[in-house]
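What follows is a short report on a single structure.
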2 protein chains.
Amino acid sequence: MPTRSTIMDTNSFRAEHADALDDVTRELTAKREALLGASYRLFYRNPVHVVRGQGAYLWDASGRKYLDVYNNVPSVGHAHPAVVAAVSAQMATLNTHTRYLHGSVLAYAEDLLSTLPGELDQIMFMCTGSEANDLAIRVARAYTGGTGIILTSEAYHGNTELTSAHSPALGSSQPLDPAARLVSPPDGYRADWAADGSVGQWFAARVQEQIDAMREQGVPFAGLLIDSVFSSDGVFTGEPGMLAPAFDVVHRNGGVVIADEVQPGFARTGDAFWGFGRHGVVPDIVTMGKPMGAGMPISGMAAKREVLEAFSLKVPYFNTFGGNPVSIAAAQAVLDTIRGEALQERARTVGAELRASLTALADRFDVIGDVRGAGQFTGLELVTSRSTKQPATALALDVIEGMRERGVLTSVAGPSGNILKLRPTLAFQSGDIDWLMESLTDALVQALETRP
Amino acid sequence: MPTRSTIMDTNSFRAEHADALDDVTRELTAKREALLGASYRLFYRNPVHVVRGQGAYLWDASGRKYLDVYNNVPSVGHAHPAVVAAVSAQMATLNTHTRYLHGSVLAYAEDLLSTLPGELDQIMFMCTGSEANDLAIRVARAYTGGTGIILTSEAYHGNTELTSAHSPALGSSQPLDPAARLVSPPDGYRADWAADGSVGQWFAARVQEQIDAMREQGVPFAGLLIDSVFSSDGVFTGEPGMLAPAFDVVHRNGGVVIADEVQPGFARTGDAFWGFGRHGVVPDIVTMGKPMGAGMPISGMAAKREVLEAFSLKVPYFNTFGGNPVSIAAAQAVLDTIRGEALQERARTVGAELRASLTALADRFDVIGDVRGAGQFTGLELVTSRSTKQPATALALDVIEGMRERGVLTSVAGPSGNILKLRPTLAFQSGDIDWLMESLTDALVQALETRP
Ligand SMILES: Cc1ncc(COP(=O)(O)O)c(C=O)c1O
Ligand SMILES: Cc1ncc(COP(=O)(O)O)c(C=O)c1O
């Protein structure tokens with residue numbers, strides 16, 4: 001989810017630049033507004049009209065090729081043949097709900113649970129990340145008897161009423177849940193953590209403060225819900241172990257931790273299969289989605305049995321499409337492909353190589369404030385100058401527009417929208433780094449010339 | 001969604017009958033309980049282990065063929081080749097989110113909106129019926145400024161926190177939204193409607209009562225949310241026009257009507273493409289799901305532009321998988337197939353033929369209290385005797401178990417679980433009626449012998 005600043009700015013820019021669009025783009029854009037309404041937002045002043053994808057690339061209607069550095073759903077690569085074959089075969093055979101017995105959902109459940117810490121021993125399937133988080137919040141509340149959930153200040157967790165009320169990224173027109181409390185993310189670049197010893201200790205202290213505030217205000221504490229790489233807060237992967245103190249604080253206070261792995265999950269962070277894996281911690285509930293079925297709408301919620309049962313022995317839950325054989329076939333093919341092509345290892349090495357190039361580029365540009373990340377999840381923070389660290393919001397927007405003109409698709413994150421979120425498919429290889437670096441360098445040069 | 005009575009009873013029956021299961025069934029059942037947890041419920045004392053589907057039929061692992069009289073998702077028929085081909089081709093080409101331009105989502109939006117009254121001129125796509133209703137409730141509240149939603153007493157509208165709180169069918173362990181109010185469905189068989197002139201007038205009066213009660217209690221009225229055939233209340237299709245008085249009452253009181261078309265939509269009721277279509281009414285919001293993509297998780301929410309804008313100009317909404325090219329390809333293939341194979345007309349004629357056979361059967365069995373429905377959505381109400389109308393709950397369960405043993409799959413609905421819900425795929429033909437009638441007759445005879 002891009003931050004609100006991006007969404008709004010990109011849209012108003014397009015209205016201003018409508019004259020510059022070609023006829024088909026203008027027609028499709030107008031049709032979208034008429035038929036789909038105001039919630040449908042497009043990326044870029046000059047939107048991309050995509051027609052084909054393969055591996056790390058997309059092609060537009062004119063045949064132009066793009067490097068996709070943003071799309072974390074087709075994580076194994078666009079139109080991966082193993083996924084296409086698995087889905088096609090299963091669709092031609094059977095697709096039905098989980099009220100009958102079917103073997104593949106059980107084989108996949110077993111396989112997927114084997115990637116998680118042993119304590120997380122049950123899994124349920126739904127269709128979207130929002131559904132997974134909606135259920136996770138309900139389970140956390142049922143288990144703890146509390147209502148209060150702690151969130152990071154720019155978090156996005158979903159589009160349902162409950163998850164939207166736990167998504168401060170949506171802005172002030174979407175009221176937060178009255179029991180929700182916000183903490184700053186573990187921002188190693190900006191947070192004043194020295195006195196606490198480490199960013200992780202600093203973050204844990206912030207969590208403890210909110211638990212204490214809840215107690216004073218009579219709100220019973222339920223837990224901490226975090227994206228384990230803080231994607232929309234600005235990509236804070238941190239040092240291994242960073243999250244351990246906060247997990248301890250939550251557990252000492254009787255709460256549960258929900259790790260939202262919708263963005264970092266499925267090998268993206270390279271060092272581990274799950275985003276929390278780098279920190280040696282065990283969440284009580286793990287939610288997952290986006291890359292899970294390579295575009296097939298499938299999501300999941302894994303939990304400790306005892307936590308889940310507090311809900312599931314009481315309240316009925318049924319999801320019509322959740323865990324159907326076709327979605328499961330896609331998910332199994334994704335899991336097999338991640339292993340078969342060693343995509344976790346590739347994410348680790350190619351991501352590190354990319355960050356080395358970006359760090360080298362920082363020698364040339366004082367506006368590059370920070371380069372951080374893990375595996376194929378990189379945050380590149382742009383500032384007006386390294387000494388003031390003032391967010392360079394307008395510059396970041398110019399840069400992503402400039403990269404788009406050079407065929408490289410990416411976007412921004414963070415409360416000020418000044419952090420480039422470089423999050424390619426895991427099909428991205430070393431050989432793709434040059435195109436990315438060239439487009440970034442040229443876009444930076446051009447943007448700094450026009451906006452000094 | 002089967003009623004809670006069914007779910008619970010079927011599960012406890014299985015525990016009692018575990019000895020009678022074959023080894024594979026017992027193993028798969030145990031594995032489900034271990035890996036997937038308590039929310040996963042199976043149909044039947046002896047669950048069906050499905051491996052293949054085609055048209056109106058399913059096959060189990062032993063090669064046995066079943067007639068599917070319950071599955072409304074693969075409405076164009078299991079594994080329909082047009083859907084398989086469309087999905088396979090699109091998957092091999094491109095699958096991505098709606099932040100880029102893509103033509104097919106717009107072509108489909110236009111096509112789908114053409115099946116709805118002209119006032120409903122905008123459509124948004126999500127992945128599940130629950131997501132569609134969750135958003136619909138939020139939109140209704142934003143537009144009216146109210147919070148109170150009126151629901152029928154056994155309604156099911158979804159599994160998210162918000163929709164579960166608007167689903168009395170889930171039972172007392174799931175608290176209702178404090179602003180929600182219940183009305184009895186327009187039950188022409190049981191309601192005492194004579195004094196009101198018609199079931200429709202009777203139902204409208206019940207809705208008005210709840211609006212008045214809300215007003216007294218200081219709850220601002222937002223609208224009426226109904227499944228237009230009242231599937232889980234017990235299938236009340238009613239006479240054409242039945243819903244008009246209630247729609248009038250809602251509109252006169254400043255509320256909106258949300259028609260939940262997740263079950264009746266997409267030609268099932270035969271006389272019309274949408275369930276509300278038989279009644280000459282125009283809802284303000286229409287939600288849809290299940291049959292929309294023949295198993296591909298896609299759902300939609302259509303609304304009057306002015307109603308939708310009250311929400312969408314204010315609150316951001318993004319659904320990662322919603323409206324992606326693969327889901328749209330499935331949905332377009334479904335729409336084309338419904339038209340190309342004239343499935344609406346088939347639903348009308350074959351459904352009428354089936355109800356004629358069931359009505360004839362009622363001459364033989366005093367326990368058949370009522371036969372009702374429209375198109376391929378039939379309710380067969382079982383009672384202990386026609387004079388008392390007492391619900392024959394245990395008998396109904398025995399009958400669906402007996403039909404399952406004879407290869408015909410169906411289930412029950414209604415607060416007492418005594419109403420057989422006969423809801424085959426639209427691939428069901430005249431020639432399938434015999435198997436259904438024979439299995440029903442034999443199961444009734446056997447059940448009445450063992451449970452006099
Ligand atoms: C961290 C995170 N959680 C949850 C979601 C919601 O996922 P979905 O759009 O599939 O409902 C998103 C989607 O952007 C996300 O980024
Ligand atoms: C009338 C009705 N509305 C909504 C839903 C929820 O749909 P889903 O399971 O796709 O979320 C259902 C599902 O059973 C339904 O029957």
Side-chain angles (χ1 to χ4, degrees), chain A residues 1 4 7 28 31-32 35-40 42-43 47-50 52-53 71 79 84 87-88 91-96 98-102 106 109-110 122 124 127-129 134 138 159-162 170 173-174 290 295 297 308-309 312-321 324 326, chain B residues 1 4 7 28 31-32 35-40 42-43 47-50 52-53 71 79 84 87-88 91-96 98-102 106 109-110 122 124 127-129 134 138 159-162 170 173-174 290 295 297 308-309 312-321 324 326:
Chain A
M1 183 84 186
R4 55 207 129 119
I7 297 173
L28 289 176
K31 229 178 180 178
R32 272 171 67 105
L35 297 170
L36 307 184
S39 292
Y40 280 78
L42 284 163
F43 283 146
V48 184
H49 176 191
V50 288
R52 190 160 76 82
N71 218 330
V84 177
V87 167
S88 304
M91 278 206 73
T93 308
L94 175 74
N95 197 16
T96 188
T98 51
R99 287 262 162 77
Y100 304 121
L101 288 172
H102 195 265
L106 299 171
E110 210 158 25
Q122 293 200 323
M124 290 172 62
C127 301
T128 67
D134 192 289
R138 297 170 75 199
N159 57 39
T160 63
E161 165 90 343
L162 183 64
L170 294 174
S173 59
Q174 167 59 56
K290 289 193 192 275
L308 184 54
E309 282 188 344
S312 59
L313 290 178
K314 249 181 47 186
V315 186
Y317 182 95
F318 177 64
N319 190 306
T320 300
F321 305 120
N324 75 57
V326 170
Chain B
M1 184 83 186
R4 56 207 127 118
I7 299 173
L28 289 175
K31 229 178 180 178
R32 272 172 66 105
L35 298 169
L36 306 184
S39 292
Y40 281 77
L42 285 163
F43 284 145
V48 184
H49 176 190
V50 289
R52 190 160 76 82
N71 218 330
V84 177
V87 167
S88 303
M91 278 205 73
T93 308
L94 176 73
N95 197 16
T96 187
T98 52
R99 287 262 161 78
Y100 304 121
L101 287 172
H102 196 264
L106 299 172
E110 210 159 24
Q122 293 200 324
M124 290 172 63
C127 301
T128 67
D134 193 288
R138 297 171 73 199
N159 57 39
T160 64
E161 166 90 341
L162 184 63
L170 294 174
S173 59
Q174 167 59 56
K290 290 195 192 276
L308 183 55
E309 282 187 344
S312 59
L313 291 178
K314 249 181 47 188
V315 185
Y317 182 95
F318 177 65
N319 190 307
T320 299
F321 305 119
N324 74 57
V326 170

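All chains are named by letter (A, B, ...) in the order of the sequence lines, taking the proteins before the strands, and each is independently numbered beginning at 1.
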- Query: Is it the side chain or the backbone of B:R138 that comes within 4.5 Å of chain A heavy atoms, both, or neither?
  - Reply: side chain

- Specify the closest pair of heavy atoms between A:Y100 and B:L42, including all atoms of both residues, with the distance to one decimal. C-CD2, 3.7 Å

- Indicate yes or no: at least one non-hydrogen side-chain atom of A:L94 is less than 4.5 angstrom from one of B:V50. yes

- Message: Under a 4.5 Å cutoff for heavy-atom pairs, which residue among A:G53, A:A38, A:P297 has the most contacts with chain B?
- Response: A:P297

- Message: For the NE2 atom of A:H102 and the NE2 atom of B:H49, what is their distance to the nearest 0.5 Å?
- Response: 6.5 Å

- With a 4.5 Å cut-off on heavy-atom pairs, point out which of A:L313, A:N95, A:L308 contacts chain B the most. A:N95

- Heavy-atom side-chain contact between A:M124 and B:S39 under 4.5 Å: yes

- Task: Could you check if a side-chain atom of A:L106 sits within less than 4.5 angstrom of a side-chain atom of B:L28, using non-hydrogen atoms only?
- Result: yes

- Message: Show the nearest heavy-atom pair for residues A:S88 and B:V84, with the distance to one decimal.
- Response: O-CG1, 4.0 Å

- Task: Taking the side chain as every heavy atom from C-beta outward, state whether A:Y40 and B:R99 have any pair of such atoms under 4.5 Å apart.
- Result: no

- Task: Go through the steps for A:R32 and B:L101 under the test side chain to side chain contact (heavy atoms under 4.5 Å, CB included), then give the verdict.
- Result: CA-CA 9 Å; A:R32 272 171 67 105; B:L101 287 172; 3.4 Å; yes

- Item | Heavy-atom contact with chain A under 4.5 Å, split by part of B:N71 | side chain

- Message: Please check: side-chain N/O of A:T93 versus main-chain N/O of B:R52, any donor-acceptor pairing under 3.5 Å?
- Response: no

- Note on the structure: Shortest non-hydrogen pair, A:N324 vs B:G295, comes out as ND2-O, 3.7 Å

- Message: Which atoms of A:V326 are under 4.5 Å from chain B, going by heavy atoms: the side chain, the backbone, both sets, or neither?
- Response: neither

- Closest non-hydrogen atom pair between B:A79 and A:A92, with its separation: CB-O, 3.5 Å

- Query: When rounded to the nearest 0.5 angstrom, what distance separates CZ in A:F318 from CG in B:L170?
  - Reply: 12.0 Å

- Check whether any side-chain N or O of B:S173 sits under 3.5 Å from a backbone N or O of A:K314 as a donor-acceptor pair, and report yes or no. yes

- Got B:N159 and A:T320 here, is their nearest side-chain heavy-atom distance under 4.5 Å? no

- Message: Please check this pair: side chain of A:D134 against backbone of B:T160, looking for a donor-acceptor N/O pair closer than 3.5 Å.
- Response: no

- Contact part of B:N319 toward chain A, heavy-atom cut-off under 4.5 Å: side chain, backbone, both or neither? both

- Task: Examine whether an atom of B:E309 lies under 4.5 Å from a heavy atom of chain A, and if so say whether it belongs to the side chain, the backbone or both; otherwise answer neither.
- Result: neither

- Note on the structure: Looking only at heavy atoms, the pair that brings B:L36 and A:A109 closest together is CD2-CB, 3.9 Å

